[in-house]
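Input: a single structure, listed below in C-alpha cells.
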Amino acid sequence: MSNSISLNDLKSRDPSYLETIFSLANGHFGIRASDPIIGSDTAGTVVNGFYEISKIIYGEKAFGYADNNQTIVKLPDLRTINIYDNQGNKFDISNLKTESLNMNTGLLTSTYELSNNISGKTIELTVNSTLQQSDNQMVGLRYEIKPLSYSGNIKLTKHLNIVASVDTVGDPRRAKAVKTLEYQKDNPNSHQEILTTTTKKSKMSLQMAIYAKDSLEKEYDLSNGKVVFDVIGVVSEPNGKVSTNDLPSFEKIVNDSTNFWSDFWERSEVKITGDDSLNQALHFNLFQLTSSSGRDGKTNISAKGLSGTGYDGHYFWDTEMYMSPFFTYTNPEIAKNLIKYRYSILEDSKKTARAAGVDEGVLFPWRTIGGPEASSYFPAGTAQYHINADISYAVARYYRATNDEDLIKKYGMEIIIETARFWNSLGSYSKINGKDQFCFFDVTGPDEYTAIVNNNYYTNRMAKFNLGFAVELIDKFPEKATELGVTTEERNNFLKESKSIYLPYDSEKKINEQDDSAFNKPIWPFETTPKENYPLLLHYHPLRIYRYQVNKQADTLLADFLFDDITKEQLIREYDYYEKITTHDSSLSRSIFSALAARIGLKNKAYSYFMDTVKTDLIDLQKNTQDGLHIANLGGSWLTVVSGFGGLQVKNGSLTIANHLPDEWKKLSIRLQFQGRLLEINYLPSKIDVSILSGEPLKIIVDGVCRKDS
Ligand code: BGC
C-alpha cells in the first residue's frame with residue numbers, strides 16, 4: 001500500500017487548511033504548504049524556539065501574574081516564486097491541481113496551473129519540497145515548469161518576501177500578531193540571498209538563506225519542454241548564522257530525508273490490516289508528530305508542532321502526556337531530549353513557583369517557549385499544577401522503558417525532587433473521614449471547564465505518584481539525593497504525604513469524584529444547548545461554564561487510564577458518568593475515551609472514538625486545523641492503538657500487553673523498543689505473537705500470562 005496522503009483523501013480544499021495538512025518539518029523548522037504564486041496571510045516558516053515577547057496587558061493586574069507573552073515568529077515563506085512571460089507579465093493566477101505527501105520519502109509534490117488575465121495563456125508548475133532531517137537546517141525545493149498553452153520564454157525570480165503579521169481576534173487558540181521584528185537582507189552575489197530577522201524585545205536573531213546554483217533570477221525557454229530550477233533554503237538555529245558553503249544538492253536532501261523516514265518506519269511501524277484509510281491516517285499522524293518534535297534538548301513540541309502558529313507556538317503538558325509516550329517506545333533519544341528541555345527551564349520554573357506563593361520546589365509553566373510562564377489566565381493556566389506531575393510521570397515512563405540511569409542522575413532526579421518539593425510545600429493536612437489527609441486547595445485539573453477547585457482527583461493522584469517516585473529514586477540513588485540536599489526528614493515527609501493524599505470518592509455513586517465540589521453542581525443544560533454553541537469556550541463566559549458539571553476533556557478518566565488502579569466495575573461506572581458530561585471540546589479528550597473503552601470491552605465506543613481521533617485533522621473535526629495540526633491528538637491516536645487496543649502497560653517493571661483488537665481489524669502490528677530491544681507485536685483476533693527483532697529475550701505478560709519471547 002502506498003504510504004501517502006493526497007488531495008483526494010481530504011474533504012476540504014481550503015488553502016490554509018491544506019497549508020497545514022501538507023506542512024513539512026524536521027524538529028527544527030517547519031514550512032506550510034502555501035501556494036507559491038499567490039501566497040497567503042497564513043503561509044510561512046516557523047522555527048522551533050524562535051519567539052518574540054510583548055508585555056501582557058491586564059485590565060487589572062495582581063501580584064505574581066505572568067509578565068510577558070511569548071509568540072512564535074512567522075518567517076517568510078520559503079516556497080514563494082515569481083514567474084513572468086516574455087512580455088514581463090506575471091503569472092499571478094494559480095490553481096492547485098494535485099498535491100501529494102509521500103511519507104516514505106518526506107517529499108511533498110504540488111502541481112498548479114498558472115495563468116494571468118493579460119494573455120490568458122497557461123503553464124504548469126510543480127513544486128517538490130523536502131527537508132533535510134539529519135543536519136536539519138536545509139530545505140530542498142525543485143520547481144518544474146511545463147508549457148501548456150504558453151511555450152515562450154519565462155523568467156523566474158526567487159526572493160525571501162517579508163509579509164506583515166496579521167492580527168487575529170476572538171479565538172484564544174490563535175496566535176498574536178508580532179510587529180516588533182527587524183529585517184536585514186543581504187545579496188552577496190546573484191545566487192544567494194540572506195535574511196536576518198531580529199526580535200526587538202526578546203533580542204533573538206535568526207538567519208534564513210536561499211541559494212540557486214546559477215542565479216536566483218533566471219530566464220528559460222519553454223519551447224523545448226519542461227525546465228527544472230533547484231533552490232536550497234537554509235534556516236539557522238535561533239541566534240545562529242547560516243552558511244551557504246558546500247550546500248547539498250536537491251537529490252542529496254531527498255536521499256537524506258528518505259533514509260530518515262525509512263529508518264523511522266522500520267522502528268515505529270504500526271500497521272492495521274482491515275482498514276486502509278485508518279492505516280493511512282495513523283501513518284500521517286506519526287509522520288507529523290515526529291516532524292514536529294524538537295530533537296536538540298533545547299526545544300520541545302508546541303501544541304501545533306511546526307505546522308502553524310496556533311497557541312502562539314507554546315509547549316504545554318501535551319508533550320508529556322500525549323506525545324512523548326510514542327517517542328519513549330519508538331525513539332527514546334527524542335524522549336530523552338524532551339526531558340532535557342524541561343531540565344533546562346528549572347530555574348525559570350523556580351521563579352514561577354515563587355510567584356505563585358509556593359516556597360519550595362519548581363512549578364513548570366503551563367505554557368511557554370523560553371521557560372517563563374506565559375499564561376495570562378491563571379485559572380485555566382498556571383493553576384494547572386498537574387503539569388509538574390505530568391513531567392515527572394514522563395520521566396518515570398522513560399526510565400522504566402529504557403533503564404537509563406544516566407539520564408536520571410544527570411537530569412531526571414532533580415526534576416523529580418524539585419516537583420516533589422513543590423507538592424510538599426503546596427499541600428496541607430486536613431481531617432477528612434476521621435483521618436489526616438494531604439490536600440491541595442484551589443487547583444485546576446486537566447478539564448479546563450472546571451477551575452480553581454479543591455482536591456482535583458487527577459492532580460492529587462498524580463502528585464501521589466510524583467511524591468512516591470521521588471522516594472523510590474532517593475532510596476535507589478542515595479548519593480545523588482544527598483547532592484540534591486535531600487534529608488531523611490524530607491524523604492519521610494514525601495513518603496507520608498504520598499500515602500496520605502486525599503482522593504475524592506463518592507460513596508453513593510461509587511465513583512471517584514472529579515473534585516470536592518464537582519457533584520454538588522447542576523449538570524450543564526446539554527438538551528437546550530444548540531449544536532453551533534460548541535466549543536462552549538467560544539460562546540459562554542468561563543464563570544458560567546464553571547458553575548456546572550461539564551467537562552471539556554478527560555480528567556478523572558485520564559488518571560484511571562494511567563494508573564489502572566480501580567476495579568473494572570468502578571471503571572465502567574466512572575466512564576458512564578463522565579462520558580455524559582464531556583463535550584470533547586479539547587482534542588485531547590477522545591483518544592483517552594477510546595483507549596479506556598477498549599480496555600473495558602466497549603468495542604463500539606472504542607472504535608467510534610478512535611475513528612474521530614485518528615482522523616481529527618484529516619476530517620477537520622475541531623474546525624481549526626487551518627491554525628495547525630492537533631499534535632497531542634496525533635500522539636493520542638498512537639496511545640489509543642498501543643495502550644488501548646494493544647493493552648500496553650508497564651506493570652511492576654514488566655511489559656504487559658493485552659488483546660483488545662476491534663472486530664473490524666484482521667490484524668494489528670506494532671513495532672516498539674523496550675529496554676534496548678526492538679519488538680514486533682502482532683495481534684490477531686485469537687492470539688498475540690511477539691518477536692524480538694533485536695536484543696535479548698524478554699519476559700512479557702500477555703493477556704495476564706507470563707511468557708518469555710525471543
Ligand atoms: C486543552 C489543554 C491543552 C491545550 C493545548 C486546550 O484546549 O484544554 O489541555 O493543553 O489546549 O493543546
Side-chain angles (χ1 to χ4, degrees), residues 20 70-72 171-175 285 288-289 292-293 300-325 338 342 364-369 373-391 393-394 443-452 456 458-459 462 514 534-540 542 545-546 550-559 561-562 578 581-593 613 616-617 621-625 627-637 639:
T20 298
Q70 296 164 36
T71 308
I72 195 91
D171 187 340
R173 300 167 299 180
R174 305 190 84 178
N285 293 357
Q288 289 293 13
L289 172 61
S292 301
S293 177
N300 207 275
I301 316 174
S302 114
K304 300 285 170 193
L306 299 166
S307 68
T309 55
Y311 282 115
D312 279 343
H314 290 169
Y315 314 137
F316 292 79
W317 73 309
D318 304 30
T319 298
E320 282 73 21
M321 300 323 282
Y322 292 84
M323 308 165 183
S324 86
L338 295 170
R342 291 298 188 184
F364 282 100
W366 176 243
R367 48 192 300 172
T368 193
I369 302 176
E373 174 63 277
S375 170
S376 55
Y377 182 62
F378 75 86
T382 314
Q384 293 201 48
Y385 305 133
H386 64 84
I387 190 169
N388 263 7
D390 303 330
I391 293 170
Y393 189 92
V443 310
T444 299
D447 163 35
E448 294 188 350
Y449 285 172
T450 309
I452 311 290
N456 166 256
Y458 175 87
T459 306
M462 290 295 281
Q514 186 167 327
Y534 294 93
L536 301 180
L537 66 105
L538 295 184
H539 299 93
Y540 301 92
I545 298 176
Y546 298 163
V550 55
N551 287 7
K552 186 179 179 190
Q553 60 206 99
D555 191 295
T556 310
L557 290 183
L558 180 55
F561 169 71
L562 297 173
Y578 288 108
I581 56 166
T582 304
T583 60
H584 309 292
D585 284 351
S586 158
S587 69
L588 278 62
S589 195
R590 288 186 178 85
S591 57
I592 303 305
F593 275 79
T613 291
T616 291
D617 287 306
L621 185 70
Q622 305 287 123
K623 301 198 173 48
N624 62 351
T625 292
D627 298 330
L629 297 162
H630 297 83
I631 308 289
N633 175 71
L634 306 186
S637 67
L639 256 186

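First listed ligand is number 1; within each ligand, the first listed atom is number 1.
Looking at Ile452 and Thr444, their side chains come closer than 4.5 Å, going by heavy atoms from C-beta outward.
No side-chain donor-acceptor contact under 3.5 Å links Thr382 to the backbone of Pro365. When atom types are taken as modelled, the side chain of Thr20 and the backbone of Thr625 share a donor-acceptor pair closer than 3.5 angstrom. With hydrogens and angles disregarded, a donor-acceptor distance shorter than 3.5 Å links the side chain of Ser307 to the backbone of Leu629.
In the model, Tyr458 has a side-chain atom that pairs as donor or acceptor with a side-chain atom of Asp390 under 3.5 Å. Side-chain atoms of Asp617 and Gln288 form no donor-acceptor pair, as typed in the model, at a separation below 3.5 Å.
Protein residues with a heavy atom closer than 4.0 Å to ligand 1 are Ala303, Tyr311, Phe316, Trp317, Asp318, Trp366, Glu448, Lys552, Gln553, Ser586, Leu588, listed by chain and number.
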